[in-house]
Amino acid sequence: MTEQLRELEARALAGVASAATPEEVEAIRVDVLGRKGRLAAISREMGKVPPEERGLIGKLLNQAKTSIEAAIAGREDAFEQEKLARRLDAEWLDLTLPPPGVRPGSLHPLTRIQREIEDLFVSLGFTVLDGPEVESEYNNFDALNIPPDHPARDMQDTFWLENGMLLRTHTSPVQVRGMQTLPLPLRMIAPGRVFRNEEVDASHEHTFYQLEGMMVDREVSVAHLIYFMKTLLAGIFKRDVTVRLRPGYFPFVEPGFELDIQCLICGGSGCPVCKQSGWVELLPCGLVHPNVLRLGGIDPGEWSGFAFGLGLTRLVMMRYGIDDIRQLQGGDLRFLRQF
Ligand code: DAH
């Protein structure tokens, strides 16, 4: 058994020393040190060893284990160092070089799409409104017919400020401001940054962009809503897109809809981007709730309207095939220079 152990140790050490990749080292680790590995097999044989030899064998076992572990750690470290060295070699900057001259800037993809949509709506008679990112609870919730016990008001979603104000969770409060300031009939859009207390991952950010829209006139109907939404999507995607309306609940519209577009990546047959469904949720919308009109000082008996809240960040990701939302605000010039 002593012989067997010595040989195993020698072979493992030689293997680690000559391994060319971290994967090879890992394979040796599993084979020798793993729970079902060779050392474990030997230690299971200990029962058969005469008691007077057990101490020695046990010691040898431990020594073998320690020395192999140390060799593996050393080799892994060396691989890390090599990797770092390769990276430093590839990504270095020579600070003594003369500056590269003026590098022309370019618009952020979000800005670019936002401006395209603004131009489109201005050509349709809409006014572009701006609203503050720090909003009152009244404008963000109450005036939009969001009852006090609605989950959207939850502390986890909303960033509250110490003075009782909040960071707007959507661009819908600009509807409230629009109703207060614009003469009727009104057509407005409001692009802007919104904030939610979200766990950040590839598809969620605490800060993202929406584009709100609202039209109030006499006898505005779902037909108007669909016409404008299709015009919007055709303008953005430069082709006719297939849309689907599903009922959706938002306290500030009645009826409310989720407007999905057929996935532009796979054409509707199913892919990872649309989670195999063939459809992508993009544009919640609906007819403005009478309570919202009333709270905005507009008589719902005389006027009606539609509203929508386009997920601008998501749209930009669809349009450019960006699969990680964190890249948009990451500030990495290598990403930004592609646009
Ligand atoms: N404000 C909603 C949100 O952020 C989106 C929305 C839905 C806006 C329906 C609308 C609308 O104007 O009609 O989740």
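Only a predicted model underlies this, so the values are computations on that prediction, with no experimental measurement involved. Whatever order the structure lists ligands and atoms in, that order sets their numbers, starting from 1.
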My understanding is that we take every heavy atom of each candidate and find the minimum distance to atom 4 (O) of ligand 1. Doing that for Glu254, Glu212, Gln210, which one comes out nearest?
Gln210
I need the atoms of ligand 1 closer than 4.0 Å to a non-hydrogen atom of Gly286, numbered in the order shown.
13 (O)
If you count the atoms of ligand 1 from 1 in the order shown, which ones are under 4.0 Å from a heavy atom of Ser172?
1 (N), 8 (C)
What class does the angle between the rings of Phe126 and Phe228 fall in, given that below 30° is parallel, 30 to 60° is tilted and above 60° is perpendicular?
perpendicular
Please identify which atoms of ligand 1 are closer than 4.0 Å to at least one heavy atom of Ala307.
12 (O), 13 (O)
Counting both backbone and side chain atoms, is some N or O of Gly213 under 3.5 Å from an N or O of ligand 1?
no
Please list the nearest protein heavy atom to atom 6 (C) of ligand 1 with its residue and the distance rounded to 0.1 Å.
Phe252 CE1, 3.7 Å
Per-atom filter on ligand 1: closer than 4.0 angstrom to a heavy atom of Cys285 are 9 (C), 11 (C), 13 (O)
Which atoms form the tightest heavy-atom contact between Asp260 and Trp279, and what is the distance?
CB-CE3, 4.0 Å
Would you call Phe306 a ligand 1 contact, heavy-atom distance under 4.0 Å?
no
Protein contact to atom 5 (C) of ligand 1 [nearest heavy atom, distance to 0.1 Å]:
Pro284 CG, 3.7 Å
Suppose we screen for side chain to side chain contact (heavy atoms under 4.5 Å, CB included). Which residues come up paired with Thr181, at least two apart in sequence or across chains?
none
Among the heavy atoms of Met214, does any lie under 4.0 Å from an atom of ligand 1?
no
Out of all atoms in ligand 1, which are within 4.0 Å of some heavy atom of Gln175? Include the element for each.
12 (O)
Salt bridge flag under 4.0 Å for residues Glu205 and Arg326
no
Using side-chain heavy atoms (C-beta onward) and a distance below 4.5 Å, is Leu328 in contact with Tyr209?
no
Any heavy-atom pair between the side chains of Arg38 and Asp31 that's under 4.5 Å?
yes
Say whether Leu124 and Leu312 are linked into one hydrophobic cluster, either directly or through other cluster members, by side-chain heavy-atom distances under 4.5 angstrom.
yes
For Val253, atoms of ligand 1 separated by under 4.0 Å from a heavy atom
13 (O)
Nearest heavy-atom approach of Ile42 to Leu5 is CD1-CD2, 4.0 Å
Closest to atom 14 (O) of ligand 1 among protein heavy atoms sits Arg196 NH2, 3.6 Å
Start with the C-alpha distance between Ile322 and Phe339, add both sets of side-chain angles, then the distance that settles side-chain contact (heavy atoms from CB on, under 4.5 Å), and finish with yes or no.
CA-CA 12 Å; Ile322 299 166; Phe339 299 97; 4.0 Å; yes
